Structures are given as structure tokens and as C-alpha cells.
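Only one structure is covered here, and it is reproduced in the block below.
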Amino acid sequence: MSRIAYVNGRYLPFGDAKIHIEDRGYQFADGVYEVCEVREGRLVDAPRHFARLMRSLVEVRIRPPMSLAALGVVLREVVAKNRIGYGIAYVQITRGMARRDHAFPIPEVVPSVVVTARVLNKARREALAANGIGVISVADNRWGRVDIKTIGLLPNVLARQAAVEQGARDAWFVDKDGQVTEGASANAWIVAASGSVVTRPADHAILRGVARTVLLDVIKAQGLLLEERPFTLQEAYAAREAFVTSATQIVLPVVSIDGRTIGDGKPGPIATALRREFHRYAEVG
Ligand code: PDD
């Protein structure tokens, strides 16, 4: 079955799904995006992803090109047309197409909207979670507003590539104070020596992950101690457990950081339990 994408009001076969070379997303990474998990053909936590998309649009001053209700219809349509059971849906909104000039176009142009969806291999994902992943640390060289989910992801791309080249799966950004901010495409967590689950507060230095927000509910329901505070790379090396969260990875155990074994080198009991419980607290619709 050939894949179908939504591009500016039309559902098109992938080969015909095109955006102009002077789209500001292409020229300046002047746009925002969301990635939503799909389970049994349904979007997971769509309202939270849409709320964050709206916030990103407001922060970068792109006028929402359609209502959230309409966008929801499009996403569900793309998921259905591509017959996605388990996978992801992607939406990207850029400031639109205009002659290349850094300042906003005058007169204003219509934002470009692209929606795609694809299948993920569930068995492969579960195997990854059962084994855990390795991460490396890299200096956080991103701009000061990574709380906005923009498509400007070059530092994230280079960090992930560095991880791959070192035989790891992901990279954790570390700020100038030696504190972990987040992963290249996920939020970072540890279980400290005290047994508390620790993650950095959602300030401007990290993206407030939807999976992170859901997990805070799971942690509370499990009666675990939570500390929302920065943690250093040194503390992470000595942690009992470590893991990452994102829409595509849910709760994914980390078993080594910079080649140092975390805990006993196997996915820890807390990360494993949080992964198992996650979808009881996520909203499916
Ligand atoms: N990334 N931090 C960063 C830098 C991210 O790119 C992501 C998600 C997250 C986790 O957010 P959420 O829980 O809402 O997925 C944190 C997506 C999956 C991506 O870029 O593919």
C-alpha cells in the first residue's frame, strides 16, 4: 500500500507530497512540529500534543492555519488512510512560502501544514526496552528556547549521530554546569541512590514532554518519590536506574552512560514498572 500524506489541504501519494523550495521551513527551519504515538489506530494524548503545538505556534508567532478540531480530523484521516495500527503521526506547521528574507513576510503568507504517519515495529521496540539502551553525553549547544518544539533540530541531529558513531542509541545534553538537560529527542530521568525518581524541571532548557507529563501521574499513582530538580552527569553515572521518555519511546531504560554501566546493567524495576503502567494513564482517543 502506498503511503498518503496531507499537504496544505490535500491528501497525496507520498511521491507527490511536496513543499516549495522557498518554504520558510526549508530555508530557515521557521516552523514547529509534533509527534504523536498511535496505538490500535488511535492517537495517544492528542489533546496534550495539540495544546503544545498551539503554544509553540504562539511562541514563534505563526498564526494557526486551522482549528485544532480540524487538525485532529486530518491527523486521524492520515492515520486511517495509511492503515496505521501501531506507529506515529507527525504534524509540521511552517510560516509558509515567501521570497527568502529573514523577517516575517509582508503581506503575511499562509502557513504550510504537512501531516504524515508511519508504522513502527512493535516487537523491535519491545526488544529494545527489554535490553535497555546506551547513551553518550554531549555539550548542550542549543538555543535558549528549546521548550518550543521547533523543527530547528541540527544540534539534536549531530548529537544523535555522535551517539550512533560511538555505538550508543541516544545522546544526553549536558549544560555548562554539568547538569543533564534532556536527550536529543527525549526527556532524561534517573532513579537516584535515595530511590527518588529525578527529572529536570520543565523550564526553558528542556521540552516539556507529553510522555514526561503522563509519567508524573504514573509516578504519583505508584507512590514513588519524585524530585523535579536538575541532576549532574556524575549523579547519573552513580544512579540506580536511568531512562528516557518520549512519544515514540514511552519509557525506555538506559543501561549505560558514556560506557559506564548503570545499576546492574539491566533495565531497572522502576523503569520497567513505569513502562508497563504508562498507557493506563495516557489518554487515547
Ligand atoms: N521528540 N525532548 C526533546 C528534545 C524531544 O525532541 C522530545 C520528543 C521529547 C519528548 O517529548 P514527548 O514526550 O512529547 O514526545 C523531549 C519527538 C518524539 C521527535 O522529535 O521525534
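Only this structure's heavy atoms are used, side chains among them; waters, hydrogens and symmetry mates stay out. Since the model is a prediction, treat every value here as computed from it, not as a measurement. In each ligand, atom 1 is the first atom listed, and ligand 1 is the first ligand listed.
- Taking a cut-off of under 4.0 Å to the non-hydrogen atoms of A184, the atoms of ligand 1 that pass are 4 (C).
- With hydrogens and angles disregarded, no donor-acceptor distance shorter than 3.5 Å links the side chain of D177 to the backbone of Q179.
- For atom 12 (P) of ligand 1, the nearest protein heavy atom (residue, atom name, distance) is V210 N, 3.5 Å.
- Residue contact check: A211 has heavy atoms under 4.0 Å from atoms 13 (O) of ligand 1.
- On a distance-only criterion, R142 and ligand 1 share no N/O pair closer than 3.5 Å.
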Please step through side-chain hydrogen bond (donor to acceptor under 3.5 Å, both in side chains) for the pair E235 and Y237, ending with a clear verdict. CA-CA 5 Å; E235 190 178 3; Y237 290 154; over 6 Å; no
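- None of R52, R55, R208 except one satisfies the salt bridge (Lys or Arg N to Asp or Glu O under 4.0 Å) rule with D147; the exception is R55.
- For ligand 1 and E182, the ligand atoms under 4.0 Å from any heavy atom of the residue are 2 (N), 3 (C), 4 (C), 16 (C).
- You'll find the side chain of N82 stays beyond 4.5 Å of the side chain of R118, heavy atoms only.
- Within the listing of ligand 1, atoms 10 (C), 16 (C) sit less than 4.0 angstrom from a heavy atom of N187.
- For atom 15 (O) of ligand 1, the closest non-hydrogen atom on the protein side is A247 N, 2.7 Å.
- Taking the six-membered ring for Trp and thresholds of 30 and 60 degrees, W172 and F231 have ring planes more than 60 degrees apart, a perpendicular arrangement.
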